[in-house]
Amino acid sequence: MMRPCLGLALALAGCGEGPALTADLPDPAQPGVPDISGFAMQCDVVRGEWRFYLRATAWSGGARLWLTRDGSITELHTFSPAVAARDGSWDCHELELSIAADQREAASGSSTRFRCDDLDALSFRLAISDTDDERWTDCRSFGADPTLLDGAAGAPDCSVALPEADEPGAFDDAILVVGDVADCPG
């Protein structure tokens with residue numbers, strides 16, 4: 001039988017000095033400023049859900065989506081972090097919204113009153129924030145009339161339009177893909 005002290009000594013002897021755990025990570029005091037580098041949007045009529053993916057050029061503190069049909073009701077939804085580069089050079093956020101059976105039951109972050117066939121009438125605003133989630137660092141507006149979202153609660157002023165859509169590629173069932181979303185799940 002091995003004596004406890006000897007067993008502990010042997011266990012510790014196997015722990016050599018390895019590389020620093022943060023050797024390849026950016027200095028958290030000097031984070032990059034995240035910009036939106038990609039966006040994808042899907043709407044599945046059969047499953048009754050919308051899916052959104054947003055890719056940023058650096059770690060970000062949060063991503064949000066505002067949407068409206070006519071400006072009378074604006075929904076605000078917060079993306080969830082999905083995956084990020086270990087070196088802080090990008091991150092992806094995703095948002096899944098079920099389509100509420102009754103529009104009065106739409107709930108921020110989980111369901112929407114808007115159906116897939118509402119797409120042509122909807123206006124959208126995307127925004128991402130710094131790593132402390134204290135200020136907006138980038139935004140995009142698109143859809144039927146993005147000015148309907150000017151002044152929406154919490155939404156940044158944003159006249160930056162979403163660029164022209166790309167071919168869906170890896171997001172075959174997407175209705176819109178812009179920029180690089182290859183690292184995002186979907």
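Position 1 is the first residue of the sequence, and the numbers go up from there.
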Is a salt bridge present between [X] and [Y], judged by a nitrogen-to-oxygen distance below 4.0 Å?
X      : Y      : answer
Arg113 : Asp102 : no
Asp133 : Arg135 : no
Asp44  : Arg51  : no
Arg115 : Asp117 : no

Item to complete: Show the numbers, then the answer: is there a salt bridge (Lys or Arg N to Asp or Glu O under 4.0 Å) between Arg55 and Asp91?
Response: CA-CA 6 Å; Arg55 185 179 188 275; Asp91 68 8; over 6 Å; no

Worksheet item: Can you name the residues that form a ring-ring contact (aromatic ring centres under 6.0 Å, His included) with Phe142, not counting sequence neighbours?
Response: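 If we apply the ring-ring contact (aromatic ring centres under 6.0 Å, His included) test to Phe142, skipping adjacent residues, the hits are Phe39, Phe124.
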
Worksheet entry | Cys158 backbone acceptor or donor facing Ser141 side chain under 3.5 Å | yes

Worksheet item: Is there a donor-acceptor contact under 3.5 Å from the side chain of Ser108 to the main chain of Leu76?
Response: yes

Worksheet item: For the residue pair Ser129 and Ser60, what are the closest heavy atoms and their distance?
Response: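 Closest approach of Ser129 to Ser60, heavy atoms only: O-CB, 3.2 Å.
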
Worksheet item: With a 3.5 Å cut-off and no angle check, do the side chains of Ser80 and Glu94 form a donor-acceptor pair?
Response: no

Practice prompt. Consider only side-chain heavy atoms of I, L, V, M, F, W and Y, link residues closer than 4.5 Å, and tell whether Met41 and Leu148 are in one cluster.
Written response: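 The answer is no; the residues belong to distinct hydrophobic clusters.
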
Worksheet entry | Passing candidate, side-chain contact (heavy atoms from CB on, under 4.5 Å) with Leu126, options Leu67, Val160, Ile36 | Ile36

Item to complete: Report the distance from atom OG of Ser111 to atom CD of Glu49, rounding to the nearest 0.5 Å.
Response: 12.0 Å

